Amino acid sequence: MTGKMWYEGKAKQVFLTDADDEVIVHYKDDATAFNGAKKGTIADKGVLNNQITSFFFTLLGEHGVPTHFIAREGDRDQRVKKLQIIPLEVIVRNRCAGSMAKRYGREEGEMLAHPTIEFCLKDDALDDPMINRSQITALGLATDEELDTIARLAFQVNDVLSAFLLTKKVILVDFKLEFGKDSAGTILLGDEISPDTCRFWDADTLEKLDKDRFRRDLGHVEEAYHEMLQRLTTRA
Ligand code: UDP
């Protein structure tokens, strides 16, 4: 990490490099929930999420999903393609949980008849409000074609990760993705895929192995992140 800091978010910092189209993402231990209202640190989270994200992005690349990932560099850093991030949080769900269970008065864990996708505007000051496709195109945030690409890729990510995680006895309940455009205007998957951004449940016990342990004060937060990395990297 030698370059100038370009951006600092809640869990990561981004540094410029000598290459115009590449940046270094640095993973911190800082944890936030409820849009920053709850703050803390999770020991070694940056190291674990860097490894977990690198693992998932490599797996997705092998399955033909275009991503920003280039290489992991040491414990906390990743070299990635510089993207112009589309300010949307793209959420895919296989089961009802979190805000969806609350909004529609459903039981946490209820199976959905099919995977579903939703978009939120990425804007902390506005509390990341949900936004529909018509509003996204009307506000000029993305075109219909771009949204078709994003939705296709998001469901492809779901297929690849859900199938892989089941072999590790983990249910992928839901997750959040972010996409951006590279210098050629191609849409790539960006950001991270980790216990910070996914709900992972043990397939046998339904024990939570993700940030809900921090959000809901369930204890054993670090252990859950360690357990996820262990399961991903240990041969079944
Ligand atoms: N999520 C995220 N960042 C956000 C909001 C949600 O990574 O700012 C992830 C979250 O970890 C979960 C999924 O997106 O895996 C769906 O989250 P939900 O809408 O249920 O919101 P939450 O209950 O986490 O507030």
Side-chain angles (χ1 to χ4, degrees), residues 7-12 25 27-40 42 45-46 48-50 52-53 56-57 60 67-68 85-112 114-132 141 150-151 153-155 157-162 164-165 170-180 189-203 206-218 221 224-225 227-228 232:
Y7 171 83
E8 175 152 27
K10 286 176 286 206
K12 301 187 287 294
V25 178
Y27 282 72
K28 305 188 284 183
D29 289 347
D30 297 348
T32 62
F34 312 116
N35 196 19
K38 181 180 168 108
K39 289 193 175 74
I42 299 173
K45 177 169 81 77
L48 295 163
N49 280 358
N50 184 25
I52 292 169
T53 296
F56 280 135
F57 274 68
L60 290 167
T67 83
H68 71 161
I85 289 285
I86 298 166
L88 295 174
E89 302 205 326
V90 180
I91 294 172
V92 177
R93 303 175 188 270
N94 297 302
R95 292 186 184 223
C96 236
S99 69
M100 183 174 184
K102 197 168 165 204
R103 181 179 305 120
Y104 302 119
R106 295 300 182 106
E107 215 45 55
E108 172 123 327
E110 182 178 326
M111 290 288 294
L112 297 170
H114 55 77
T116 181
I117 190 167
E118 72 196 47
F119 302 95
C120 295
L121 177 67
K122 197 173 144 59
D123 188 328
D124 283 344
L126 298 175
D127 223 356
D128 298 342
M130 208 163 157
I131 187 165
N132 68 30
L141 300 171
I150 287 170
L153 292 174
F155 284 125
V157 168
N158 187 43
D159 289 344
V160 172
L161 296 191
S162 293
F164 175 80
L165 285 164
V170 172
I171 296 169
L172 180 59
V173 172
D174 59 28
F175 57 95
K176 184 264 298 182
L177 302 175
E178 293 180 27
F179 292 87
L189 177 65
D191 196 46
E192 66 177 286
I193 300 179
S194 73
D196 273 12
T197 63
C198 304
R199 287 195 167 92
F200 298 126
W201 291 0
D202 179 273
L206 302 185
E207 183 194 3
K208 297 183 197 315
L209 298 170
D210 57 57
K211 200 165 97 173
D212 271 347
R213 302 204 72 84
F214 170 78
R215 290 189 191 98
R216 302 179 188 188
D217 295 319
L218 299 175
V221 184
Y225 283 64
E227 171 74 20
M228 276 307 302
L232 296 180

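We count ligands from 1, going down the list as the structure has it; atoms in each ligand are counted the same way. Here the structure is a predicted model, which is why all the values come from computation and not from measurement.
- Close approach of ligand 1 to G98 is summarised as follows: ligand atoms under 4.0 Å from at least one heavy atom of the residue are 20 (O), 23 (O).
- Looking at S99 against ligand 1, both its backbone and its side chain come within 4.0 Å, counting heavy atoms.
- Salt-bridge formation is not detected for the pair D30/K45: no Lys NZ or Arg NE/NH1/NH2 atom is positioned less than 4.0 Å from an Asp or Glu carboxylate oxygen.
- Residue R93 places a heavy atom less than 4.0 Å from ligand 1.
- Contacts between C120 and ligand 1 below 4.0 angstrom, taking non-hydrogen atoms only, are absent altogether.
- Heavy-atom contacts of A97 reach the following atoms of ligand 1: 20 (O) (cutoff under 4.0 Å).
- For atom 13 (C) of ligand 1, the nearest protein heavy atom (residue, atom name, distance) is D174 OD1, 3.4 Å.
- Contacts between D196 and ligand 1 below 4.0 angstrom, taking non-hydrogen atoms only, involve the backbone exclusively.
- For the residue pair N49 / T53, no side-chain donor-acceptor distance below 3.5 Å is found, with atom types taken as modelled.
- Atom 25 (O) of ligand 1 lies below 4.0 Å from none of the non-hydrogen atoms of the protein.
- Side-chain atoms of S99 and R93 form a donor-acceptor pair, as typed in the model, at a separation below 3.5 Å.
- Summary of contacts: the protein heavy atom closest to atom 4 (C) of ligand 1 is E89 OE1, 3.3 Å.
- When the heavy-atom distances from atom 7 (O) of ligand 1 to K176, K211, E178 are ranked, the shortest goes to K176.
- For the residue pair D210/Y225, the side-chain donor-acceptor check at 3.5 Å is not satisfied.
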Practice item. Apply the test salt bridge (Lys or Arg N to Asp or Glu O under 4.0 Å) to residues D217 and K38: give CA-CA distance (whole Å), side-chain angles for both, the deciding distance (0.1 Å), then the verdict. Key: CA-CA 11 Å; D217 295 319; K38 181 180 168 108; 2.6 Å; yes

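- Between K28 and E8, at least one side-chain nitrogen of the basic residue sits less than 4.0 Å from a carboxylate oxygen of the acidic one, meeting the salt-bridge criterion.
- In this structure, K208 forms no cation-pi arrangement with F200, as its terminal cationic atom is not both closer than 6.0 Å to the ring centre and no more than 45° off the ring axis.
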Point to revise | Chi angles and distances behind the salt bridge (Lys or Arg N to Asp or Glu O under 4.0 Å) call for D128, K122 | key: CA-CA 5 Å; D128 298 342; K122 197 173 144 59; over 6 Å; no

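- No heavy atom of D210 sits closer than 4.0 Å to any atom of ligand 1.
- Residue D128 approaches ligand 1 through these ligand atoms, each under 4.0 Å from one of its heavy atoms: 8 (O).
- When the shell of 6.0 Å around NZ of K10 is examined, it contains more than 12 heavy atoms from other residues, nucleotides or ligands.
- Considering only non-hydrogen protein atoms, atom 23 (O) of ligand 1 sits nearest to R199 NH2, 2.8 Å.
- With respect to the salt-bridge test (charged N to carboxylate O, under 4.0 angstrom), the residues R95 and E110 do not qualify.
- With respect to atom 10 (C) of ligand 1, the closest heavy atom belonging to the protein is R215 NH2, 3.5 Å.
- Nearest protein heavy-atom neighbour of atom 6 (C) of ligand 1: I91 CD1, 4.3 Å.
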